[in-house]
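Single-structure report; data block below.
Order of appearance sets the numbers: ligands from 1, and atoms from 1 within every ligand. Reckoned from all heavy atoms, side chains included, excluding hydrogens, waters and symmetry mates.
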Amino acid sequence: MSIHIAAKTGEIAGAILLPGDPLRAKFIAENFLQDAVQYTAVRNILGFTGTYKGKRVSVQGTGMGIPSVSIYVNELFRDYGVQRAIRIGTAGSIREDLRIRDLVIAVSACTDSGANNIRFGGRNYAPTASFNLLKTAWDTAVSKGWQPRAGSVVSSDMFYTEDPDEWKLWAKFGCLALEMECAELYTLAAKYGREALGLLTISDSLITQEQTTAGERQSTFTQMIEVALETAVS
Ligand code: HPA
């Protein structure tokens with residue numbers, strides 16, 4: 001057992017899906033995994049291990065934002081030996097040609113977060129996805145007839161920013177979407193020598209102010225879960 005995860009050694013699989021929402025973890029365990037067993041409920045951050053196509057996979061919530069994801073991912077890598085971690089979440093589009101419900105594969109994650117400033121003493125680290133997982137996810141999505149977008153995302157510490165136009169500078173420099181976790185996941189994977197990837201569906205657009213309905217989020221989330229699970233067990 002680690003400080004924030006109640007699992008015993010061996011109860012968490014080498015490959016794990018990481019939604020922000022713990023109830024998404026439960027949904028995935030109940031609808032996509034076989035023989036899923038819950039291994040933690042500390043702070044209601046639920047985690048489950050089951051099998052997908054005969055291979056062990058875990059799925060666990062991380063909460064929202066870099067400090068929260070940092071706690072869980074540190075413990076998963078350091079205390080449970082997780083080798084492969086795939087974040088599945090939502091993001092806000094900052095490009096006209098990226099519409100709600102599109103699937104984004106995060107190649108790299110820029111950030112305004114203080115975390116890597118603290119960690120690297122003001123040097124700029126470039127948090128980057130695992131190429132192996134990225135390629136598998138891309139090929140999986142394309143083989144299903146979907147059209148994913150691959151590129152840089154922005155992991156922001158602020159959902160509600162003081163400056164409503166802050167995203168425009170990131171867009172000018174080619175970033176696709178805003179989210180709040182990938183930079184820390186990628187940095188920790190590099191530190192521990194593990195594989196990490198972020199898959200994101202566009203839930204809203206900062207340009208058009210469009211938002212997905214709960215029903216639309218569910219169906220696009222299902223596509224993303226399939227890509228994530230195929231990638232996790234590849
Ligand atoms: N900002 C940060 N994270 C998000 C957003 C956003 O606008 N939309 C979905 N996740």
Exercise for review: Could you list which atoms of ligand 1 come closer than 4.0 Å to a heavy atom of Leu206?
Suggested key: 7 (O)
Review point. Parallel, tilted or perpendicular: which fits the ring planes of Tyr192 and Phe77, with parallel below 30° and perpendicular above 60°?
Key: tilted
Review point. Within a strict 4.5 Å, meaning less than it, do heavy atoms of the Ile16 and Gln60 side chains meet?
Key: yes
Exercise for review: Classify the side-chain pair Thr49/Ser58 by whether it contains a donor and acceptor separated by less than 3.5 Å.
Suggested key: yes
**Study point:** Region of Ala91 that comes within reach of ligand 1 [heavy atoms, distance under 4.0 Å]
**Key:** backbone
Exercise for review: Applying salt bridge (charged side-chain N to carboxylate O under 4.0 Å, His left out) between Arg87 and each of Glu181, Glu184, Glu195, report the one that passes.
Suggested key: Glu181
Exercise for review: Mark up the atoms of ligand 1 that fall under 4.0 Å of a heavy atom belonging to Asp204, in ascending order.
Suggested key: 7 (O), 8 (N), 9 (C)
Review point. For Phe159 and ligand 1, does the shortest N/O to N/O distance drop below 3.5 Å?
Key: no
Review point. Near Ser203, which atoms of ligand 1 are under 4.0 Å from a heavy atom of that residue?
Key: 9 (C)
Point to revise | Ion pair check, Lys168 and Asp165, cut-off under 4.0 Å | key: yes
Point to revise | Shortest protein contact, atom 1 (N) of ligand 1 (heavy atom only) | key: Leu178 CB, 3.7 Å
